[in-house]
Amino acid sequence: MYAQMVETGLKKVRTEEDMSLEEAAFQARIDAGIKIEPKDWMPEAYRKTLIRQISQHAHSEIVGQLPEGNWVTRAPTLQRKSVLLAKIQDEAGHGLYLYSAAETLGVSRDELLQALHSGKAKYSSIFNYPTLSWADMGAIGWLVDGSAIINQIPLCRCSYGPYARAMIRVCKEESFHARQGYDIMMALAKGTPEQKAMAQDALNRWWWPSLMMFGPSDAESVNSAQSSAWRIKLFSNDELRQRMVDQTVPQAEYLGLTIPDPDLKWNEERGSYDFGEIDWSEFYNVLKGNGPCNRERLRTRVKAYEDGEWFRDALVAHAEKKAAKRAA
Ligand code: BYC
């Protein structure tokens with residue numbers, strides 16, 4: 001079922017002439033700002049779009065634990081280690097809320113995980129880059145969680161109730177994540193010249209991939225038009241990307257670090273920053289599975305799932321035993 005959903009991805013917006021009476025009434029509810037709940041009637045394509053986006057979001061949270069997990073045993077102090085551990089555990093929680101939200105749309109968790117493990121389902125491109133130094137923990141919290149917040153705050157108001165409600169809690173936790181990242185960057189930027197160089201190197205490597213997190217340019221985004229009509233998306237990919245640049249440049253200046261973009265400059269007329277062209281060939285290459293860590297990430301997830309089989313079996317055996325007792 002999932003493969004079929006992905007293949008039939010929406011490419012154009014439904015117009016009034018295309019709509020049945022039921023669909024028109026559904027669209028009117030969305031336009032009036034009424035939340036759609038799991039048992040409400042919904043067009044099949046709305047359901048499929050949500051399953052696609054929510055499950056990709058869930059997969060991103062789960063795979064997103066891996067780059068940071070790489071530094072737990074090498075965190076520089078006990079305090080840094082406990083904060084990093086707490087953050088990574090939060091990401092697991094986010095994945096679980098999101099899988100639950102996707103399940104309300106009638107897809108099973110097994111199907112969703114199968115799609116991830118077989119490489120059919122996407123997860124955020126950002127998690128296919130390696131974490132080479134401790135400064136990367138700072139850059140991820142600051143830039144990646146910072147971008148995630150910008151993308152996710154509007155999702156708290158999206159049209160599908162369970163997704164919107166999950167996002168409220170997720171966003172609260174993400175802001176702690178972004179602050180812990182910025183705190184690491186501040187410590188390094190104020191540290192020795194070597195530490196400051198580490199911070200700059202991490203910014204250099206994470207800046208462009210973070211801008212890619214917002215997805216293709218509006219002109220290339222196949223899903224945006226229909227998702228906006230359904231109020232799954234409240235702002236376009238480019239609008240949110242611009243917001244990220246405008247928010248982050250002054251933060252980099254405060255740290256005394258340089259954004260690795262020679263074309264970055266303040267545009268007085270627009271009241272925001274102009275920035276250089278993103279290397280879209282790199283983005284699409286990562287999406288095709290050819291980023292620096294795509295294979296390693298999937299291999300690690302599949303192994304973790306297989307290693308956990310005994311535990312899942314034990315839970316089922318326990319539940320069956322309890323059910324049998326109750327029935328006796
Ligand atoms: N990476 O038509 P478009 C986190 C795909 S987790 C990979 O614009 P849409 C965090 C897109 O799926 C971050 N694929 O699509 C966790 C589509 O392909 P399909 C994850 C991408 O859905 C731990 C195709 O490109 N956040 O924050 O309208 C630690 C065309 O794109 C990417 C979410 O998932 C990408 N970067 O818009 C720290 C948020 N971009 O599916 C942090 C929820 C695009 O048609 N998701 N694609 O085969 C969204 O807001 C939207 O799905 C997107 C894309 C803005 C990402």
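Keep in mind the model is a prediction, meaning the values are calculated, not measured.
- Residues meeting the side-chain hydrogen bond (donor to acceptor under 3.5 Å, both in side chains) test with Arg165, sequence neighbours left out: Glu37.
- Considering Glu174, Glu173, Glu68 in turn, Glu68 is the only one that fulfils the salt bridge (charged side-chain N to carboxylate O under 4.0 Å, His left out) rule with Lys87.
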Between Gln152 and His94, is a side-chain contact (heavy atoms from CB on, under 4.5 Å) present by the stated rule, with each step listed?
CA-CA 12 Å; Gln152 286 167 190; His94 299 174; 6.0 Å; no
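- Cluster annotation: Ile149 and Leu98 are assigned to distinct hydrophobic clusters (Ile/Leu/Val/Met/Phe/Trp/Tyr, side-chain heavy-atom contacts under 4.5 Å, transitive).
- Under a hydrophobic clustering in which Ile, Leu, Val, Met, Phe, Trp and Tyr are joined whenever their side-chain heavy atoms come within less than 4.5 Å, directly or via other members, Tyr163 and Ile168 fall into different clusters.
- Between Arg243 and Asp246, every side-chain heavy-atom pair lies at or beyond the 4.5 Å cut-off.
- Residues Phe275 and Trp207 form no side-chain contact, since every pair of their non-hydrogen atoms from C-beta on lies 4.5 Å or further apart.
- Connection of Leu287 to Met212 is established within a shared hydrophobic cluster, with ILVMFWY side chains joined at heavy-atom distances below 4.5 Å, either directly or through further cluster members.
- Of all heavy-atom pairs spanning Pro130 and Cys293, the tightest one is N-SG, 3.6 Å.
- In this structure, Glu309 and Glu306 have side chains that are not in contact, with every pair of non-hydrogen atoms separated by 4.5 Å or more.
- Nearest heavy-atom pair across Leu298 and Leu116 is CD2-O, 3.3 Å.
- For the pair Gln242 (side chain) and Glu239 (backbone), a donor-acceptor distance under 3.5 Å is absent.
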Intermediate values then yes/no, side-chain contact (heavy atoms from CB on, under 4.5 Å), Ile259 and Glu253:
CA-CA 9 Å; Ile259 304 270; Glu253 280 166 4; over 6 Å; no
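- Of all the heavy atoms in Met137 and Pro67, the pair that sits closest is CE-O, 3.9 Å.
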Check step by step if side-chain contact (heavy atoms from CB on, under 4.5 Å) holds for Cys171 and Cys156.
CA-CA 8 Å; Cys171 284; Cys156 299; 3.9 Å; yes
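- Between Met42 and Phe26 the shortest side-chain heavy-atom distance falls below 4.5 Å.
- Taken to the nearest 0.5 Å, the CD1 atom of Ile30 stands 4.5 Å off from the OH atom of Tyr46.
- Looking at Glu111, its side chain does come within 3.5 Å of a backbone N or O of Ser108 through a donor-acceptor pair.
- Between Tyr160 and Ala101, the shortest heavy-atom contact is CE2-O, 4.2 Å.
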Using the side chain to side chain donor-acceptor pair (under 3.5 Å) rule, take Gln200 and Asn204 through it: C-alpha gap first, then chi angles, then the decisive distance, then the call.
CA-CA 6 Å; Gln200 180 64 55; Asn204 293 348; 2.8 Å; yes
Carefully, step by step, assess Met213 and Ser60 under the rule side-chain contact (heavy atoms from CB on, under 4.5 Å).
CA-CA 11 Å; Met213 282 177 73; Ser60 305; over 6 Å; no
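- Cation-pi contact between Arg169 and Tyr97: absent, since separation from the ring centre below 6.0 Å together with deviation from the ring axis within 45° is not met.
- The shortest side-chain heavy-atom distance between Ser224 and Asn237 falls under the 4.5 Å cut-off.
- Checked options Leu112, Leu50, Ile54; the residue passing with Val107 is Leu112 (criterion: side-chain contact (heavy atoms from CB on, under 4.5 Å)).
- Within a 6.0 Å radius of CG in Leu21, other residues, nucleotides and ligands contribute 12 heavy atoms or fewer.
- Without hydrogens or angle criteria, Thr104 side chain to Pro38 main chain gives no donor-acceptor distance under 3.5 Å.
- Taken from CG in Asp31 to CD1 in Ile34, the straight-line distance is 10.0 Å, to the nearest 0.5 Å.
- Residues Leu257 and Leu203 come closest through the heavy atom pair CB-CD2, 3.8 Å.
- One hydrophobic cluster, built from ILVMFWY side chains closer than 4.5 Å, holds both Trp280 and Val286.
- Rounding to the nearest 0.5 Å places CG of Leu143 at 10.5 Å from OH of Tyr182.
- Side chain of Trp208 to backbone of Asp279: no donor-acceptor contact under 3.5 angstrom is found.
- Cluster membership check: Trp142 does not share its hydrophobic cluster with Val83, using side-chain heavy-atom separations under 4.5 Å among Ile, Leu, Val, Met, Phe, Trp and Tyr.
- When atom types are taken as modelled, the side chain of Arg297 and the backbone of Val63 share no donor-acceptor pair closer than 3.5 angstrom.
- Arg179 has no carboxylate O lying under 4.0 Å from a charged side-chain N of Asp183, or vice versa, which leaves the two without a salt bridge.
- Between Tyr123 atom OH and Ser55 atom OG the span is 14.0 Å, to the nearest 0.5 Å.
- Using a 4.5 Å cut-off on side-chain heavy atoms (C-beta onward), Leu96 and Arg109 make contact.
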Evaluate the criterion salt bridge (Lys or Arg N to Asp or Glu O under 4.0 Å) for residue pair Asp238 and Arg241; output intermediate values, then yes/no.
CA-CA 5 Å; Asp238 286 336; Arg241 189 169 11 249; 2.7 Å; yes
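- Interatomic distance, His57 NE2 to Ile62 CD1, rounded to the nearest 0.5 Å: 11.0 Å.
- Contact check for Asn223 versus Thr49: no side-chain heavy atoms found under the 4.5 Å cut-off.
- For Tyr305, the OH atom is densely surrounded, since the number of other residues' heavy atoms within 6.0 Å is greater than 12.
- Across Ala199 and Leu188, no two heavy atoms sit closer than the pair CB-CB, 4.0 Å.
- Residue pairs satisfying the side chain to side chain donor-acceptor pair (under 3.5 Å) criterion with at least one member in residues 311-328, sequence neighbours excluded, are absent.
- Other residues, nucleotides and ligands place more than 12 heavy atoms under 6.0 Å from the CZ atom of Arg29.
- For the pair Glu220 and Tyr284, the minimum side-chain heavy-atom distance is below 4.5 Å.
- Within the model, atoms CD1 of Ile126 and OG of Ser147 stand 7.5 Å from one another, a figure rounded to the nearest 0.5 Å.
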How far apart are the C-alpha atoms of Lys35 and Asp40, what are their side-chain angles, what is the distance that settles it, and do they pass the salt bridge (Lys or Arg N to Asp or Glu O under 4.0 Å) test?
CA-CA 10 Å; Lys35 290 258 179 289; Asp40 294 342; over 6 Å; no
